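A short write-up of the structure that comes next.
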Amino acid sequence: EQINNYAKGDVKFQLKQNCVYMYQHHGNEQIPEVLELDSLFGFFIGAYLAEGTHTRHYIAITNVSEQYLQQVIKFAQKYNINYKIRYDVGAYGKSTTLLLYTTIMADLVKRACGKLAYNKFVPDFAYSAKKQFVRGLLQAYFDGDGNISVSRKVIRASSCSKELIDGIALLLSEFGIFAVKSRTTRNQYTLSISYRYAKQFSDEIGLVIEYKKKSIEALSAIKEADKS
């Protein structure tokens, strides 16, 4: 239908060769048939796993950090995906949500990563992807769901999906970073990384959100002090 409409002159945007278009497609996005597994795509996937929801027509990523959302915006701009930022005030204070209007990517994350917090999982293609993709995914995941405690000397992340936590732990091992997994009484699954891996985490993966970067640096400093 999209091609027919384009041929009749009923649409104002140009179809691009080797891109995917949904049957009922009214957006401008240009999603290639084969997506490059680069750091931007990895960050987008990690952001969805940590902070994302979706409907049939859009993906929503919620995070108060502008630095965090800007990385997802770069991904949207790369593929000409329409987006807008929505500001809300709820029971827990202010929130910022980035809405990506793309039926193709909404369908992709549903199939590849699951829907709703309890059912999310690391996509199969992440386990065979190059490190730049995995690095982006882990960066977004820990910038989103991660917590860094300098006083307790630990980097943590938690989820109500055991499968997701298992997948994140496996991806971390690709960088020589090993975590302890545990389960709380509220059916939350937690990943705990010792401060001894802080410098390795910072060098190999890194973070985008400034205060979390400073916390990682503080943990790294504790390890260096232990040596002296």
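Bear in mind the structure is a predicted one, so any value in this text is a computation, not a measurement. Numbering of residues begins at 1 and proceeds along the displayed sequence. For the numbers below, each heavy atom of this structure counts, side chains included, while hydrogens, waters and symmetry mates do not.
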Trace of the side-chain contact (heavy atoms from CB on, under 4.5 Å) decision for Lys78 with Asp38: CA-CA 12 Å; Lys78 179 177 180 178; Asp38 58 6; 2.5 Å; yes
Do the side chains of [Y] and [X] get nearer than 4.5 Å, heavy atoms only?
X: Ile81; Y: Ile59; answer: no
X: Ser159; Y: Tyr141; answer: yes
X: Val122; Y: Leu164; answer: yes

Worked verdict on Met105 versus Leu35 for side-chain contact (heavy atoms from CB on, under 4.5 Å): CA-CA 11 Å; Met105 296 306 296; Leu35 280 165; 4.2 Å; yes
To the closest 0.5 Å, what do you measure between [atom1] ([X]) and [atom2] ([Y])?
X: Asp166; Y: Ser161; atom1: CG; atom2: OG; result: 8.0 Å
X: Thr96; Y: Glu51; atom1: OG1; atom2: CD; result: 11.5 Å
X: Leu172; Y: Ile193; atom1: CG; atom2: CD1; result: 4.5 Å
X: Lys110; Y: Asn119; atom1: NZ; atom2: CG; result: 11.5 Å
X: Lys213; Y: Glu217; atom1: NZ; atom2: CD; result: 7.5 Å
X: Leu191; Y: Phe178; atom1: CG; atom2: CZ; result: 12.5 Å

What about [X] and [Y], same hydrophobic cluster or not, with Ile/Leu/Val/Met/Phe/Trp/Tyr joined at side-chain heavy-atom distances under 4.5 Å?
X: Ile222; Y: Tyr197; result: yes
X: Tyr87; Y: Val72; result: yes
X: Tyr127; Y: Ile168; result: yes
X: Leu98; Y: Leu108; result: yes
X: Phe121; Y: Phe142; result: no

Write down the atom of [X], the atom of [Y], and the distance for their closest heavy-atom approach.
X: Leu37; Y: Ala129; answer: CD1-CB, 3.8 Å
X: Val109; Y: Ile45; answer: CG1-CD1, 4.4 Å
X: Ile216; Y: Ser202; answer: CG2-CB, 3.3 Å
X: Ser95; Y: Thr62; answer: CB-CG2, 4.2 Å
X: Gln139; Y: Ile205; answer: NE2-O, 3.2 Å
X: Ile155; Y: Ala198; answer: CD1-CA, 4.4 Å

Full working for side-chain contact (heavy atoms from CB on, under 4.5 Å) between Gln70 and Glu66: CA-CA 6 Å; Gln70 278 299 321; Glu66 183 179 337; 4.2 Å; yes
Side-chain (Tyr68) to main-chain (Ala140) donor-acceptor, under 3.5 angstrom: yes
Flag, side chain of Arg135 to backbone of Glu204, donor-acceptor distance under 3.5 Å: yes
Counting heavy atoms not belonging to [X], are there more than 12 under 6.0 Å from its [atom1]?
X: Tyr58; atom1: OH; value: no
X: Lys130; atom1: NZ; value: no
X: Lys131; atom1: NZ; value: yes
X: Gln188; atom1: CD; value: yes
X: Asp124; atom1: CG; value: no

Lys212/Asp143 ion pair, N-O < 4.0 Å: no
Lys120 NZ/CZ over Tyr48 ring centroid, <6.0 Å and within 45° of normal: yes
side-chain hydrogen bond (donor to acceptor under 3.5 Å, both in side chains) assessment of Gln77 paired with Tyr83: CA-CA 9 Å; Gln77 291 173 337; Tyr83 65 88; 3.2 Å; yes
Geometric class of the Phe125/Phe41 ring pair [parallel <30°, tilted 30-60°, perpendicular >60°]: parallel
Exercise: do Thr190 and Ser158 side chains pair donor with acceptor under 3.5 Å: no
Evaluation steps, side-chain contact (heavy atoms from CB on, under 4.5 Å), between Phe175 and Val134: CA-CA 10 Å; Phe175 297 92; Val134 180; 3.6 Å; yes
Residues which pass side-chain contact (heavy atoms from CB on, under 4.5 Å) with Tyr211, listed by chain and number, not counting sequence neighbours: Ile209
Validation row, ring centre Phe75 to ring centre Tyr79 under 6.0 Å: yes
